[in-house]
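Since this is a predicted model, take the numbers as computed values, not measurements. Letters A, B, ... mirror the listed sequences (proteins, then strands); counts begin at 1.
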There are 2 protein chains.
Amino acid sequence: MAATDARARILEAACDLIAADGIDAVRIARVATRARASTSLVHHYFSTREELLEEALVHSYEQVGDERFGDDPESRTATGALAEAIDECLPLPGAQERGWVLWVELWLRAVRSPELRPVAVRLYGRYSEWMQSVIRAGVESGEFRSGVDTEAAARTTMALIDGFGVRCLIRDPNMDLERARSLVARELAAELGIEIESLVVRPMEV
Amino acid sequence: MAATDARARILEAACDLIAADGIDAVRIARVATRARASTSLVHHYFSTREELLEEALVHSYEQVGDERFGDDPESRTATGALAEAIDECLPLPGAQERGWVLWVELWLRAVRSPELRPVAVRLYGRYSEWMQSVIRAGVESGEFRSGVDTEAAARTTMALIDGFGVRCLIRDPNMDLERARSLVARELAAELGIEIESLVVRPMEV
DNA sequence: CGCCTTCTTGACTTTGTAGTCAAGTGCCAC
DNA sequence: GTGGCACTTGACTACAAAGTCAAGAAGGCG
C-alpha cells in the first residue's frame, strides 16, 4: 500500500542523507523533498527528528552489515573467498565507501552516546564471525596451514583493514586501496602459510 | 595583555567543547560562557562561527600532535621508548581519549571536506615519522634485529593501533586497552626480534 | 451512498542561534 | 586632560528549522 511505501521512502531518503552529509546536517525538509513528501508527512510517521534519525541509523547499519557480511563468496577456494572478503571490507568507491563513512560516524557517536555502543559492538561481532568463518573454511579444507588461531588471525586482519582503510578514506597519498590490500594480504599470507600472490592477483573490483 | 588573553580563552573553550560534544553541537553562546566572555566578544575575534571552529580545529590538532609526538621518551632503552609510544597512542582515558575523539572527528570530516584532508594527512605524517624514529633508534642501538624495514614496521604498528584503538573507544567488551596493547606488542616483538614481555611488563599509565 | 479511518497537505507557531549595532569602558599617547 | 583606539557589553534582528494544527483527499466498508 501507499502508506508503508511513503514511510519506507522517507527512511531511505534519511539514510542517503545521513551518509552523504552526516547525521547532524540532516534536515527534515530535505528528507521530505528527497522522499517526495511534505515535512508534515515526515512528522506523521516520525514524531520527532530524533526518532526518525534513530530508526534510519539502525536501518542503515543493518544494511551495511548485510551488504558486507551477507552474501556468499563467488570463489570456490577459501583463498579466493578471503581475497574477496578483504576487498569487501576496504572503502572502495561507491557503496562500500558509503558504508565506511557510516561506520566512522558510528564510532564517533558511540563514544558520546553509550546507547549506541551495543550497535557498534554488534556490528563488530558480525564482522568478526564472518571473517573467522572465511578463515576457518580454509583451514578445514587444508588450503591454509593447520593450527592457525582463527580468532587471532581474524582480529588482526580486521584491525589492519580498519587502520589502513581509514587512511584510504582520507585520501592519504601514502596509502591507496591497492597498497592497503597488499599490506593486509602480506600479513595474512604469512599467518596462513600461503603465497601473497594468491590473495592479490585479481584486479580490484570497483 | 588582556586582549590576546580573551582570544586564547575563547579558542581553548571552543576546543574543549568540540572534543566533548562534537563540532556540530558547538554553540557560540556556550563557548562564550565557558571562556567567561559575551557572545559579542566571540564575534569580535571571529567574525563567523565557521572561522572560529576552523581555527579551533587546527589549534586542536597541533596540540594533539604535540602531546603525542612531541615529548622525548623517559626510558633510556629503545624498547622502553617503544612501549611508551604504544601507550601514548592508545585511547587511554583523559587527554588521550580526547585526542582520539578529535582524530576520529577529523577522519569523518576529511571525507566530506577535501580541504581538511591535508590536515589529516599531515598528522599521519608526523605520526609516522615519530614512530619510525623510535624504531630506528632501536635498530641502530642494536636492541632490535638489524635489517628491520622501519617504514613497514611503523606503518603496520600504526594500523594496528588505529584498528584496535577504535574498538577500545567504543568500549567493545572483546577489546580493552590491555588487550590492545599486548596484541600490538606481540606483532611488533616478532617483527623486531625482541621478547613481547619487554614491551608489556610495565603497568599502564592512566 | 455516506461514514470512518488512514494518509496527506499547507499554513502557522515557536524556538534556538548566528550575527549586527550602537554605546560604554578603560587605557595609552600626546 | 583629552582624543583616539582596542576591547567589551547588552539589546536587538534575522533566519532557519522543528514541530503543531485543522482541514482536505483517498479509499475501504456498513
Under the salt bridge (Lys or Arg N to Asp or Glu O under 4.0 Å) rule, what pairs show up with a residue in residues 100-109 of chain B, not counting sequence neighbours? A:Arg112-B:Glu105, B:Asp24-B:Arg109, B:Glu105-B:Arg109
Please, which pairs that meet salt bridge (Lys or Arg N to Asp or Glu O under 4.0 Å) have at least one residue in residues 165-177 of chain B, sequence neighbours excluded? B:Glu97-B:Arg171, B:Arg167-B:Asp172
Yes or no on side-chain hydrogen bond (donor to acceptor under 3.5 Å, both in side chains) for A:Glu84 and A:Ser75, after CA distance, side-chain angles and deciding distance? CA-CA 8 Å; A:Glu84 274 179 45; A:Ser75 306; 2.8 Å; yes
Expressed as a whole number of angstroms, how long is the span from [X]:[atom1] to [N]:[atom2]?
X       : N      : atom1 : atom2 : value
B:His44 : C:dC21 : NE2   : C1'   : 14 Å
B:Leu41 : C:dC21 : CG    : C1'   : 16 Å
B:Asp24 : C:dG16 : CG    : C1'   : 16 Å
B:Glu51 : C:dA18 : CD    : P     : 15 Å
A:Arg36 : C:dC7  : CZ    : P     : 18 Å

Can you pull the ring pair (Phe, Tyr, Trp, His ring centres under 6.0 Å) pairs that have at least one residue in residues 150-179 of chain B, sequence neighbours excluded? none
B:Tyr61: which residues meet the ring pair (Phe, Tyr, Trp, His ring centres under 6.0 Å) condition with it, sequence neighbours left out? none
Across all chains, not counting sequence neighbours, the ring pair (Phe, Tyr, Trp, His ring centres under 6.0 Å) partners of B:Phe46 are none
Filtered N/O pairs between nucleotides 14-20 of chain D and protein, under 3.5 Å:
from   : atom 1 : to      : atom 2 : distance (Å)
D:dA18 : OP1    : A:Ile28 : N      : 3.4
D:dA18 : OP1    : A:Arg49 : NE     : 3.4
D:dA18 : OP2    : A:Ile28 : N      : 3.3
D:dG19 : OP2    : A:Arg49 : N      : 2.7

